[in-house]
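Each remark here refers to the structure printed beneath this line.
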Amino acid sequence: MSTHPLSPYEVQRERLAQYFDGSARKAWIDLTSTAKVSGIRATVRAGRNAMRAQLLGWLPQDLRRCTVLDAGCGTGSLSVEAAWRGAAVSAIDVAGGLVDIAQQRAPAFLGHGRIDWHVGDMLDPRHP
């Protein structure tokens with residue numbers, strides 16, 4: 001075990017992992033599903049859907065022979081859509097519980113695309 005103090009970045013990363021794997025996990029499962037949610041959460045869901053659509057709108061429809069990094073992939077909806085377009089997606093999140101959900105929800109067949117799921121820090125050189 002290392003005895004060096006954590007950097008502010010490392011402290012924040014650990015807080016995020018604990019939050020998304022703890023108290024926020026159920027909320028994110030609901031937000032990223034088709035489950036009925038309250039008015040505020042419905043607004044958040046709509047905003048997330050719009051953001052994902054905008055991000056995907058910046059990319060070509062045909063992503064074959066392209067690699068996409070989905071940093072902070074959460075429950076994986078952007079990763080799946082990019083893979084459907086043919087991308088090789090490297091999806092990573094510090095919240096292992098959300099990555100587990102993403103893997104469970106991802107379809108077995110993604111056409112020409114694929115997703116490699118990772119739990120950890122996107123800046124860790126051990127992750128592609």
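Please read these numbers as outputs of a predicted model, since none were measured by experiment.
Heavy-atom contacts from other residues, nucleotides or ligands closer than 6.0 Å to CZ of Arg41 number 12 or fewer. For Leu123, the CG atom sits in a packed shell: over 12 heavy atoms of surrounding residues, nucleotides or ligands are nearer than 6.0 Å. Environment of CZ in Arg52: crowded, with over 12 heavy atoms of neighbouring residues, nucleotides or ligands closer than 6.0 Å.
Nearest heavy atoms, Leu98 versus Asp21: N-OD1, 3.7 Å. When every heavy atom of Gly76 is checked against every heavy atom of Trp117, the shortest pair comes out as CA-CH2, 3.9 Å. Between Arg45 and Ala35 the shortest heavy-atom distance is NH2-O, 2.7 Å. For the pair Leu63 and Ala82, the tightest heavy-atom approach, listed with the atom from each and the gap, is CD1-O, 3.9 Å. The two residues Ala17 and Ala95 come nearest to each other via the heavy atoms O-CB, 4.5 Å. Across every non-hydrogen atom of Met122 and Ala71, the tightest pair is SD-CB, 3.3 Å.
Between the Arg114 side chain and the Ala87 main chain, no donor and acceptor come within less than 3.5 Å of each other.
Here the CG-CH2 distance, from Leu110 to Trp84, works out to 6.0 Å after rounding to the nearest 0.5 Å. Rounding to the nearest 0.5 Å places CG of Asp62 at 8.5 Å from NE2 of His112. Arg13 contributes atom CZ, which lies 7.0 Å from atom OG of Ser7 (distance to the nearest 0.5 angstrom). Atom CD of Gln103 sits about 10.5 Å away from atom OG of Ser79, to the nearest 0.5 Å. Remark: Leu78 CG to Leu56 CG distance equals 4.5 Å, nearest 0.5 Å. Remark: Leu59 CG to Gln54 CD distance equals 11.5 Å, nearest 0.5 Å.
Hydrophobic clustering places Leu31 together with Leu16 (ILVMFWY residues linked when any side-chain heavy atoms are closer than 4.5 Å, directly or through intermediates). Hydrophobic clustering, with ILVMFWY side chains joined whenever heavy atoms are under 4.5 angstrom apart, keeps Val94 apart from Tyr9. When the side chains of ILVMFWY residues are joined at heavy-atom separations under 4.5 Å, either directly or via intervening members, Tyr19 and Ile29 end up in a single hydrophobic cluster.
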Under the criterion side chain to side chain contact (heavy atoms under 4.5 Å, CB included), I'd like the reasoning laid out for His118 against Asp93: C-alpha separation, chi angles, the key distance, then a yes or no. CA-CA 7 Å; His118 305 278; Asp93 202 296; over 6 Å; no
Does the side chain to side chain contact (heavy atoms under 4.5 Å, CB included) test come out yes or no for Arg48 and Trp28, once each step is laid out? CA-CA 11 Å; Arg48 287 183 41 78; Trp28 281 97; 3.3 Å; yes
Is there a side chain to side chain contact (heavy atoms under 4.5 Å, CB included) between Asp116 and Val89? Walk through the geometry before answering. CA-CA 6 Å; Asp116 296 318; Val89 180; over 6 Å; no
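When Val119, Leu69, Asp70 are each tested for a side chain to side chain contact (heavy atoms under 4.5 Å, CB included) with Ile92, only one passes: Leu69.
Side-chain atoms of Arg105 and Ser77 form no donor-acceptor pair, as typed in the model, at a separation below 3.5 Å.
Taking the side chain as every heavy atom from C-beta outward, Val68 and Ser90 never approach each other to under 4.5 Å.
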